[in-house]
Amino acid sequence: MDQSPFTRPVSATGGSRPGSRLSGTGGERFSQAPTLFVDAPSEPGTSAAAPSAAVAASDLQPPNVFANRASTALGDGSPSNLSVADSSQPLSNNLPYRNSLAPTAAGSAQQLGDSDKEAATSDAPRGTSPYPDLGAQTAEDDGSKNKRKKLFLILGGLAGLVIVAAAVAVPVAITQTKKSSSGTAAPVSAGPEPTGTGETGGPTNSGPTGAVTGGDGTTITTDKGTTFTYVNKFGGVWYDDPNDPWNNNAQAQSTSPPLSQEWDYQNNPMRGVNLGGWLVPEPFIVPALYEPYLNATPPAQDEWTLSLAMAADTANGGLDQLEKHYDTFITEEDFAQIAAAGLNWIRLPIPFWAIEKYPDEPFLEKVAWKYALKAFKWARKYGLRVNLDLHTIPGSQNGYNHSGKGGNGGQINFLYGPMGLANAQRALDYIRIITEFISQPEYAPVIPMFGIINEVVAATVGVDQVTSFYLQVHDMIREITGRGQGKGPFISIHDSFRGLAAWKDLLPGHDRIALDVHPYLIFVNVDRTSLTSQIDKPCRSWANDMSSSWTDFGVSLAGEFSLAINDCGLWINGIGAGTRWEGTFEQGDGTKGDCTEWNDWQSWTQQRKDDFKAFALRNFDALGHWFFWTWKIGPSSVTGKIETPMWSYQLGLQQGWIPDDPSQAVGVCGTSTAQPLKPEMYGASGTGEISAAVKAQFPWPPTALLPGNLAPANLRQYTATGAISTLPVPTPTHGTADGWFDAADTKLMYKPIAGCTYPDAWGSAQAANPGACGGSNAAADDTETTTARGRASATATTEEVVATDDTAAADDETARRVRRGVRNVIPMPKRTAAP
């Protein structure tokens, strides 16, 4: 029996998508590919390091994260089908594993298809509604802010602003550029260096609320007026000064660099958790949201059906129930606890409807962004960095319930089927809007990485089609941010369930792409051996692959994994889908296990907890740069307890089966021969230009879409005729962030063509293609830029096409130029040389 932990099972019929909380009944997350990489302690350094030049290749040492674990180089042979559980290889040796979806006895390589088709279509006109009221315009609240200045105000204050700027006698540094409307980079002058140091010796009495910084044992007062004690035994320092809201002196731990320094992927391991289930509620993470609506019509199984059920339940608050969940599931104290657990990053999944939705989509529109802003504020306060993850895509990129619409009968309609290109056009807009926001110098130090699309299934969509999309997104983002180290976020792409090795030659010449793999052990054939016998699985399975990807491609990370050694737990495979362990998921393996012992964590013995802790340490060391899925699991409203304990980092910390110091993992898998990053892998060398030959190989739009051979020119498309909404920002005491980094980015937003009807964007994957509708030629070139100003304010509806107003455009541009000349922003992070 093949027990490989990296391959995804496929239904014997081939007609439904593979198992893992998916298959024919409700899909969830998993990966068939192993991972490679290990954590090691970063070198402690002063938190107020002087600026330094980019690391030279000659200065690089083998990555510290690999320093205590060696691996043998992978051979040239084909991927092994060996079972990890059955392998007799010693721990220090290689365990080759699958790096592709080549057919195997386990059936892991069949084309991932779609299940039941959605028959309905929608011809409703589409648009958006205004952003919700984000509250008072303070640094504490997430206010929607319209930064546009009227020309007469600009002219009235221009002379005074220039005089003030000229009179400033303190030293300034050119630390970041904000692109002007001409497309060139205009320098942004930094104001005085922040008064804090990132250590406990910083200011303690400079704000109206009392202390603005502190460490272990200090009292925190939240926005809601509640208090808690900050407990951080790792030397972490929080910093929150309402008079200096962009201050980046906070440190999660003394061994993690403060936000005022650029993250050094070479020498600092990313140790993080996902905030899963918060802004993208999933049934197994927050079952209490779904349980009241299991008998609704249709029953709640994903956020689409949950939203329909809640909207109909006006007696209990309607869709506002979701905001109550946002407001209570994750709070500021969670961020403090994450830093106190020795973690230095979070991965934050967000839905595209945080930006907008179309009228026929039932989601709660734009409210999630209010809480994303809270996440950014709290991350800044506690020195945590954010890997922002766009978790949902119009039409669904994988058919899973966490993509917005999935589970039973879930379809893939992103870059697939008659609406595949139109949905991809929407996705490009949302990626662009997010990029503009997080590239602002006020937010860039807090959000250094952007996961552009979560878990797209390349076996269905097509590898070439996915690669074309990745290339288009790469070029779009770098046109906004500029190219090279320190210019915009790392672009994180998921391995699309192909394995890391399959992407090692992706887009040569790219500028700062990171590979993300989700190495779960459970979404394949069941391994019924004891937990004790599986403790070393991560070392055998993933360590060498992570090391190889680090050497061959560059920054590689595990964006999701858990401690689950089986699929026990409430709704892991989707609502009503059953489990492999109990033999109730699909056909089963002929054995009827009992999940009680794995779900009833209150009865776990100390030995079981110790075994899980040892298993966790090996996961941490093998993966190196990692994000556990997930930080918190909510209790069931039926039983009153957490029903999926192997997935909760917080519960494991509290109950003793998660290590309270993740750095204890260093070296438990052995040592590594991983090579140091090459300068071009982190943007320190070259301009990040991809050759014309590569671009010709992967054009946009793709040459054809699946299924069949759908020519883009013969598909329904959208046209760039709609006004772009700028994501709102809170209005702090100081600062001029306005939600848009690149003033030269004026292209309008993709919208349906007037007079055209469209197939169901979420349910037409297998439907007949109705052909093109007028205007498709204009829509086919995503690189074409309109010169008209059309970006709407945060409070405007984006469904209307805004006529160009040259005077307003001039006013807006004048305001931007003035702000660029006098804005007082903190210095951007400085890279420190590798030891």
Side-chain angles (χ1 to χ4, degrees), residues 6 29-31 33-40 42 63-66 69 99 256 262-276 338 343-349 384-391 447-456 470 489-504 506 510 512-520 538 541-562 618-631 649 662-663 665-666 669 672 674-677 681-683:
F6 341 107
R29 60 189 72 262
F30 52 80
S31 176
T35 321
L36 32 37
F37 195 155
V38 68
D39 267 335
S42 57
N64 278 3
V65 286
F66 293 111
R69 195 202 70 238
N99 62 358
S256 294
E262 184 173 334
W263 186 261
D264 182 358
Y265 296 91
Q266 178 75 30
N267 297 301
N268 296 128
M270 303 166 76
R271 297 175 176 135
V273 286
N274 283 271
L275 298 184
I338 289 167
L343 305 171
N344 47 33
W345 281 71
I346 63 167
R347 182 170 178 258
L348 179 64
L384 297 165
R385 287 166 172 83
V386 178
N387 176 3
L388 189 62
D389 172 62
L390 185 56
H391 217 67
I447 315 168
M449 184 170 284
F450 178 21
I452 57 173
I453 180 172
N454 179 64
E455 293 186 345
V456 59
Y470 286 162
F490 248 88
I491 301 169
S492 176
I493 65 167
H494 182 245
D495 74 340
S496 301
F497 306 114
R498 301 182 67 229
L500 293 171
W503 297 102
K504 71 175 185 176
L506 174 69
H510 67 76
R512 290 166 297 141
I513 292 179
L515 279 177
D516 173 18
V517 67
H518 299 172
Y520 292 112
S541 305
W542 304 326
N544 289 333
D545 287 344
M546 290 300 286
S547 299
S548 296
S549 186
W550 182 264
T551 299
D552 296 338
F553 180 85
V555 175
S556 305
L557 56 105
E560 298 180 16
F561 71 103
S562 75
R618 282 153 180 78
N619 273 277
F620 298 167
D621 195 40
L623 299 175
H625 287 313
W626 49 264
F627 295 84
F628 187 92
W629 188 276
T630 184
W631 168 245
Y649 201 101
S663 70
V666 175
C669 286
S672 171
Q675 299 301 304
L677 291 174
M681 292 175 173
Y682 54 84

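In this text the structure is predicted, and so the values were computed from the model without any measurement. Any value given below was found using the heavy atoms of this structure, including those in side chains, with hydrogens, waters and symmetry copies removed. Residue numbers count from 1 along this sequence.
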(request) Mind telling me whether H625 and W550 have parallel, tilted or perpendicular rings, with 30° and 60° as the class edges? (result)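 Rings of W550 and H625: tilted, as their planes differ by 30° to 60°.
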(message) Please verify the inter-ring angle class for F620 with W626; under 30° counts as parallel, over 60° as perpendicular, anything in between as tilted.
(response)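 Aromatic pair F620/W626 classed parallel.
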(message) Centroid separation under 6.0 Å, is that true for the rings of Y265 and Y682?
(response)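 Judged by ring-centre distance (under 6.0 Å), Y682 and Y265 do not meet the cut-off.
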(request) Please check if the distance between the ring centroids of F561 and F628 is under 6.0 Å. (result)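 Yes.
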State the [atom1]-[atom2] distance between [X] and [Y], to the nearest 0.5 angstrom.
{"X": "D552", "Y": "L515", "atom1": "CG", "atom2": "CG", "answer": "10.5 Å"}
{"X": "S549", "Y": "K504", "atom1": "OG", "atom2": "NZ", "answer": "10.0 Å"}
{"X": "I338", "Y": "N344", "atom1": "CD1", "atom2": "CG", "answer": "11.0 Å"}
{"X": "F627", "Y": "W345", "atom1": "CZ", "atom2": "CH2", "answer": "5.5 Å"}
{"X": "I491", "Y": "I453", "atom1": "CD1", "atom2": "CD1", "answer": "13.5 Å"}
{"X": "I452", "Y": "Y470", "atom1": "CD1", "atom2": "OH", "answer": "6.0 Å"}

(request) Not counting sequence neighbours, which residues clear side-chain hydrogen bond (donor to acceptor under 3.5 Å, both in side chains) with D389? List them please. (result)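 If we apply the side-chain hydrogen bond (donor to acceptor under 3.5 Å, both in side chains) test to D389, skipping adjacent residues, the hits are R347, H391.
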(message) Test of understanding: with side chain to side chain contact (heavy atoms under 4.5 Å, CB included), list the residues that count as partners of S492, not counting sequence neighbours.
(response)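 With neighbours one apart ignored, the set is M449, D516.
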(message) With heavy-atom distances below 4.5 Å as the criterion, would you say the side chains of V517 and S556 are in contact?
(response)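 No - every pair of side-chain heavy atoms lies 4.5 Å or more apart.
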(message) Side chains of F490 and W263, heavy atoms from C-beta outward: is any pair under 4.5 Å?
(response)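 In short, these two side chains do not touch, never coming nearer than 4.5 Å.
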(message) Going by the rule ring-ring contact (aromatic ring centres under 6.0 Å, His included), which residues pair with F450 if we only count those two or more places apart in sequence or in a different chain?
(response)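 F450: no ring-ring contact (aromatic ring centres under 6.0 Å, His included) contacts found.
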